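This report refers to the structure that appears directly beneath it.
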Amino acid sequence: MHTEKCSMTYWTFTTLIKSYSRAGMPGRAIEVLNVMNKYSHNQCLPAYCTLIDVLLKGGFLAKAEHVYQIMLQNNCKPNKYTFSILLNGFGK
């Protein structure tokens with residue numbers, strides 16, 4: 001997309017993360033997050049929440065925690081929805 005001069009918004013990244021996650025490809029979803037951060041969309045709370053939710057539902061607790069830590073390092077502040085995802089995921 002970037003090489004063809006298409007605009008990449010945080011919704012683009014969130015949609016890609018959701019799509020890869022639904023396809024059972026959490027590794028690819030994490031790659032999208034890395035690209036998102038590279039293009040300065042590192043404060044996109046919906047993308048982080050989507051990825052954390054998918055990782056937790058898939059049993060990837062350590063990866064979900066790692067993504068959460070990256071989110072905090074990028075000054076992306078969690079909200080009630082973020083904490084709800086974390087409590088539901090780690091509480092099971």
Side-chain angles (χ1 to χ4, degrees):
M1 285 170 123
H2 187 65
T3 57
E4 296 179 14
K5 307 280 186 207
C6 292
S7 175
M8 295 186 295
T9 66
Y10 69 95
W11 285 112
T12 306
F13 290 110
T14 302
T15 300
L16 286 169
I17 288 170
K18 282 182 184 179
S19 297
Y20 280 126
S21 300
R22 287 182 183 150
M25 302 168 72
R28 294 288 295 188
I30 291 171
E31 288 176 29
V32 171
L33 181 75
N34 292 333
V35 172
M36 180 184 81
N37 288 333
K38 180 180 173 183
Y39 290 103
S40 299
H41 291 285
N42 55 358
Q43 293 185 345
C44 178
L45 187 59
Y48 284 111
C49 287
T50 298
L51 185 54
I52 291 169
D53 189 37
V54 168
L55 291 171
L56 289 171
K57 287 178 179 175
F60 301 103
L61 305 181
K63 286 185 180 186
E65 184 176 353
H66 179 71
V67 170
Y68 178 72
Q69 292 302 322
I70 291 170
M71 182 183 93
L72 295 177
Q73 289 171 4
N74 287 326
N75 295 318
C76 185
K77 299 191 185 327
N79 61 13
K80 291 178 184 180
Y81 181 64
T82 311
F83 291 121
S84 173
I85 290 170
L86 292 169
L87 287 172
N88 286 331
F90 284 111
K92 291 183 179 184

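Scope of the values below: all heavy atoms of this structure, side chains included, with no hydrogens, waters or symmetry mates. All values derive from a computational prediction rather than experimental measurement.
- Criterion: ILVMFWY side-chain heavy atoms under 4.5 Å apart, direct or through other members. Under it, Leu61 and Leu51 are part of a common hydrophobic cluster.
- Cluster membership for Val35 and Met25, using ILVMFWY side-chain heavy atoms within less than 4.5 angstrom, is shared.
- Between Thr82 and Tyr48 the shortest side-chain heavy-atom distance does not fall below 4.5 Å.
- Atom CG in Leu56 sits 12.0 Å away from atom OH in Tyr68 (nearest 0.5 Å).
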(message) Run His66 and Leu55 through side chain to side chain contact (heavy atoms under 4.5 Å, CB included) and show every step you take.
(response) CA-CA 10 Å; His66 179 71; Leu55 291 171; over 6 Å; no

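- Between the CE atom in Met36 and the CD1 atom in Ile17 there is a gap of 5.5 Å [rounded to 0.5 Å].
- For the atom pair CG of Leu45 and CG of Asn74, the computed distance is 12.0 Å after rounding to the nearest 0.5 Å.
- With Thr50 contributing its side chain and Pro46 its backbone, the two residues share a donor-acceptor pair below 3.5 Å.
- To the nearest 0.5 Å, atom NZ of residue Lys80 and atom CG of residue Leu87 are 13.5 Å apart.
- For the atom pair SG (Cys49) and CG (Asn79), the distance works out to 5.5 Å, reported to the nearest 0.5 Å.
- In this structure, the side chains of Pro78 and Leu72 come closer than 4.5 Å at one or more pairs of heavy atoms.
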(message) Let's go through Val32 and Arg28 carefully: what are the C-alpha distance in whole Å and the side-chain angles of both, what is the deciding distance for side chain to side chain contact (heavy atoms under 4.5 Å, CB included) to 0.1 Å, and is it a yes or a no?
(response) CA-CA 6 Å; Val32 171; Arg28 294 288 295 188; 5.7 Å; no

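- Linking ILVMFWY residues whenever their side-chain heavy atoms come closer than 4.5 Å, directly or via other members, places Met71 and Leu33 in the same cluster.
- Annotation: side chain of Tyr20 is not in contact with side chain of Ile30 (no heavy-atom distance under 4.5 Å).
- Remark: Trp11 CH2 to Leu16 CG distance equals 13.0 Å, nearest 0.5 Å.
- Following chains of ILVMFWY side-chain contacts shorter than 4.5 Å, one can reach Phe13 starting from Ile52, so the two form part of one hydrophobic cluster.
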